[in-house]
Amino acid sequence: MLLDGKVALVTGASRGIGRAIAIRLAAEGAKVAINFAGNTEKAEAVKAEIEAAGGEALLVQANVADAAAVEEMVAKVVEAFGGIDVLVNNAGITRDGLLVRMKDEDFDAVLDTNLKGVFYCTKVVSKLMMKKRSGRIVNMTSVVGVNGNAGQTNYAAAKAGVIGFTKTIARELASRGITANAVAPGFIQSKMTDILPDDVKKAYMDTIPLKRFGTAEDIAKCVAFLAGPDADYITGQIISVNGGMIG
Ligand code: NAP
């Protein structure tokens, strides 16, 4: 299997895209640390699913926007699994609203989780990877970070920040055998998108040449590829997984 003997930490893995990534990496042979914010029941269900399939998983609750909590989380993973080979920075939130009505706290909350969280986790884990002179970092950005989207200044700023961050760490860490890439999902069916009105969903569908919304598994397959040996010579890239989405 692609990831036999590897350890992966997936943030925001209790549901949605992160859940699919955790299950996929475990199916490829990795021991998986499942991070989540507060949804213990859902996180336990992901762990149970991995174990039922013969894999190994660990629950690590932590707010990725809290530097001290991130340090503790990483220490727990290292204690249980001996290190971290693959870091997937997936945890993310939305607090949508037009710019003129955007509250400071909603802007800050999205930047704190979606961008600063990536900084905290990567800073701690990359130190371990540098010592080992190998590692894989995969960050979750979005089509919104590439193109922008009305009502999402906070989210677009954070996701565009993740792109700049990823390209920069790719340059800083390459000499230590560490690759860093980002995946930019388009419209993926999840709790985050289920709540959108039907006319908005139709407008999105009109922009997708492959004529279907993406699934969490579509994203997980790409992450597994970037985390595995077939992606050895790929770093600093932003891979769009969006059905060919235009505009
Ligand atoms: P989701 O279903 O809402 O799940 C979010 C996950 O992040 C949950 O596991 C949640 O944990 C965790 N989380 C939230 N805040 C956290 C924090 N402060 N610390 C640690 N964990 C935290 O989201 P999703 O739709 O799967 O999205 C996953 C990623 O893909 C996000 O980065 C999102 O921006 C990106 N993305 C999604 C889409 C889409 O169409 N869905 C498109 C492009 C990009 P709890 O369950 O404990 O709350």
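Both ligands and their constituent atoms are indexed starting at 1 by order of listing.
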Item to check | Side chain S142, main chain V144, donor-acceptor under 3.5 Å | outcome: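 Checking the backbone N and O of V144 against the side chain of S142, a donor-acceptor pair under 3.5 Å is found.
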Next on the checklist: Looking at N35 and V60, would you say the former's side chain and the latter's main chain have a donor-acceptor pair under 3.5 Å?
Outcome noted: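 Yes; at least one donor-acceptor contact below 3.5 Å.
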Item to check | Of V183, I163, N181, the residue whose pairing with I238 passes side chain to side chain contact (heavy atoms under 4.5 Å, CB included) | outcome: I163
Checklist entry - Only one of E28, E217, E49 forms a side chain to side chain contact (heavy atoms under 4.5 Å, CB included) with I23, so which one is it? => result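 Only one of E28, E217, E49 forms a side chain to side chain contact (heavy atoms under 4.5 Å, CB included) with I23, namely E49.
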Item to check | Within the protein, residues bringing a heavy atom under 4.0 Å of ligand 1, chain by chain | outcome: G12, A13, S14, R15, G16, I17, N35, F36, A37, G38, N39, A62, N63, V64, N90, A91, G92, I93, T113, M140, T141, S142, Y155, K159, P185, G186, I188, S190, M192, T193
Checklist entry - Would you say the side-chain atoms of N39 and S14 include a donor-acceptor pair closer than 3.5 Å? => result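 Side chains of N39 and S14: no pair found under 3.5 Å.
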Checklist entry - Within a radius of less than 6.0 Å around CG of D104, do more than 12 heavy atoms belonging to other residues, nucleotides or ligands occur? => result no
